[in-house]
Amino acid sequence: MATPHIAELIKALNIPIEPMILNQALTHRSFAYENGGLPTNERLEFLGDAVLGLVVTENLYVMFPEEQEGQLAKLRAAVVNAQALAEVARTLDVGSYLKLGKGEESTGGRDKSSILADALEAIIGAIFIANGLSSAREFIESMFNPLIMASADMGAGLDWKTSLQEVSALLDLGVPVYRSTHEGPDHEKLFTAEVVAGGSVMGTGVGRSKKVAEQEAAAEAYSVLNARYEFQQAQAGG
């Protein structure tokens, strides 16, 4: 499969960067190994992960001066997890520019969240190497600050599993237990999860990954159990 010209991605990034280093940021190890051991994007990914973490953490610290460390950590986790990074990569159509080996190409690698997230971190690393921290910060803020604001409005939805565990403890139902199954070929797996609290199934969820399915199940269970807890509190108050 022919990939679009790298100049199109440079234009989408809206940051001047040498095509050579950007090409490396897009080179998955599967392609590198099939083509004589070319440099992969893994070192740039390692660097980009650190730069992204620094900039997002700094922005959270400044944007939410009243929040405690625990809530800031939840916000950061919601913004820099693989799924969130992959969605940002999709807005830039990063998948179309990836250099993949034949195996990854044939199994839908251009839309795999893990590959897209790694590539985005590598792009951030490349921007940092090419232009320095201020340029990397500008790019990260343009891509991730909207996610930060959206996450700040999510409340319990920042991490449904943690929120469910908290309300389950308040109701003395113990630690929720997740059970999952999946069907379909490797590149199109569909996961179904259910969560049990207090001996009963409280929620179910479906997703393209086990994590997504479990979060959906946790969201449904949280809605049920939080309503139960609020009712108990109202009864106690009345």
Side-chain angles (χ1 to χ4, degrees), residues 6 9-28 39-95 97-98 112-163 165-166 209 211-212 215 218-219:
I6 198 73
L9 180 56
I10 294 174
K11 183 178 180 181
L13 295 174
N14 197 31
I15 289 178
I17 185 170
E18 287 295 321
M20 183 179 295
I21 193 169
L22 186 55
N23 266 311
Q24 184 179 339
L26 298 165
T27 302
H28 189 259
T40 74
N41 64 1
E42 291 174 353
R43 282 172 53 84
L44 287 172
E45 173 203 337
F46 170 76
L47 178 61
D49 174 67
V51 175
L52 175 64
L54 170 64
V55 173
V56 169
T57 300
E58 179 186 24
N59 274 266
L60 289 169
Y61 185 85
V62 171
M63 293 165 71
F64 303 101
E66 304 300 321
E67 292 290 1
Q68 297 300 308
E69 180 272 342
Q71 183 65 7
L72 292 176
K74 281 186 179 182
L75 282 166
R76 181 174 59 194
V79 171
V80 300
N81 67 72
Q83 198 65 38
L85 266 64
E87 288 305 317
V88 171
R90 290 185 180 103
T91 67
L92 295 166
D93 197 24
V94 168
Y97 302 91
L98 291 171
K112 284 184 181 177
S113 291
S114 58
I115 291 177
L116 288 171
D118 290 348
L120 184 67
E121 288 181 332
I123 289 170
I124 291 170
I127 292 171
F128 176 81
I129 288 290
N131 299 313
L133 182 58
S134 61
S135 184
R137 177 183 283 111
E138 180 181 343
F139 173 74
I140 291 167
E141 288 178 347
S142 69
M143 294 288 106
F144 287 88
N145 276 8
L147 277 178
I148 290 175
M149 297 310 299
S151 296
D153 292 333
M154 288 178 69
L158 271 176
D159 182 353
W160 289 116
K161 292 178 75 172
T162 299
S163 297
Q165 186 168 326
E166 290 169 352
S209 70
K211 181 177 180 180
V212 169
Q215 284 285 350

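This structure is a prediction, so every number in the text was calculated from the model and none was measured.
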Undergrad: Is the shortest side-chain heavy-atom distance between Phe144 and Leu52 below 4.5 Å?
TA: yes
Undergrad: One pair to check against side chain to side chain contact (heavy atoms under 4.5 Å, CB included): Leu47 and Arg43. What are the steps and the verdict?
TA: CA-CA 6 Å; Leu47 178 61; Arg43 282 172 53 84; over 6 Å; no
Undergrad: Apply side chain to side chain contact (heavy atoms under 4.5 Å, CB included) to residues Tyr97 and Leu92 and explain how you reach the verdict.
TA: CA-CA 10 Å; Tyr97 302 91; Leu92 295 166; over 6 Å; no
Undergrad: To the nearest 0.5 Å, what is the distance between CG (Leu60) and CG (Asn145)?
TA: 8.5 Å
Undergrad: How many angstroms lie between atom CD of Glu18 and atom CD of Gln24, to the nearest 0.5 angstrom?
TA: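 The CD atom of Glu18 sits 13.0 Å away from the CD atom of Gln24.
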Undergrad: Cut-off 3.5 Å, no hydrogens considered: what does the side-chain donor-acceptor table look like for residues 113-136, sequence neighbours left out?
TA:
from: Ser113; atom 1: OG; to: Arg90; atom 2: NH2; distance (Å): 3.2
from: Asn131; atom 1: ND2; to: Pro16; atom 2: O; distance (Å): 2.7

Undergrad: State the OG1-CG distance between Thr40 and Leu26, to the nearest 0.5 angstrom.
TA: 12.0 Å
Undergrad: Where is the tightest heavy-atom contact between Lys161 and Gln215, given as atom of each residue plus distance?
TA: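 Nearest heavy atoms, Lys161 then Gln215: N-OE1, 3.6 Å.
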Undergrad: Answer yes or no: is there a donor N or O on one side and an acceptor on the other, between the side chain of Asn59 and the main chain of Val56, under 3.5 Å?
TA: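 Not confirmed, Asn59 side chain does not pair with Val56 backbone.
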Undergrad: Just verifying a value: how many Å separate Leu54 CG and Asp49 CG, rounded to the nearest 0.5 Å?
TA: 11.5 Å
Undergrad: To the nearest 0.5 Å, what is the distance between CG on Leu9 and CG on Leu13?
TA: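 With rounding to 0.5 Å, CG (Leu9) is 4.5 Å from CG (Leu13).
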Undergrad: State whether the number of non-hydrogen atoms from other residues, nucleotides or ligands found under 6.0 Å of Phe46 atom CZ is greater than 12.
TA: no
Undergrad: Could you tell me if the side chain of Arg76 sits less than 4.5 Å from the side chain of Thr57, heavy atoms only?
TA: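 Thr57 reaches Arg76 side chain to side chain.
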Undergrad: On a heavy-atom basis, which atom in Pro19 and which in Ile6 lie closest, and how many Å separate them?
TA: CB-CG2, 3.9 Å
Undergrad: About how many Å separate CG of Asn81 and CD of Glu87, when rounded to the nearest 0.5 Å?
TA: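 Going from CD on Glu87 over to CG on Asn81, the span is 10.0 Å.
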Undergrad: Could you tell me which non-hydrogen atom of Met63 sits nearest to which non-hydrogen atom of Ile148, and how far apart they are?
TA: CE-CG2, 3.8 Å
Undergrad: Using the side chain to side chain contact (heavy atoms under 4.5 Å, CB included) rule, take Leu85 and Val80 through it: C-alpha gap first, then chi angles, then the decisive distance, then the call.
TA: CA-CA 6 Å; Leu85 266 64; Val80 300; 4.2 Å; yes
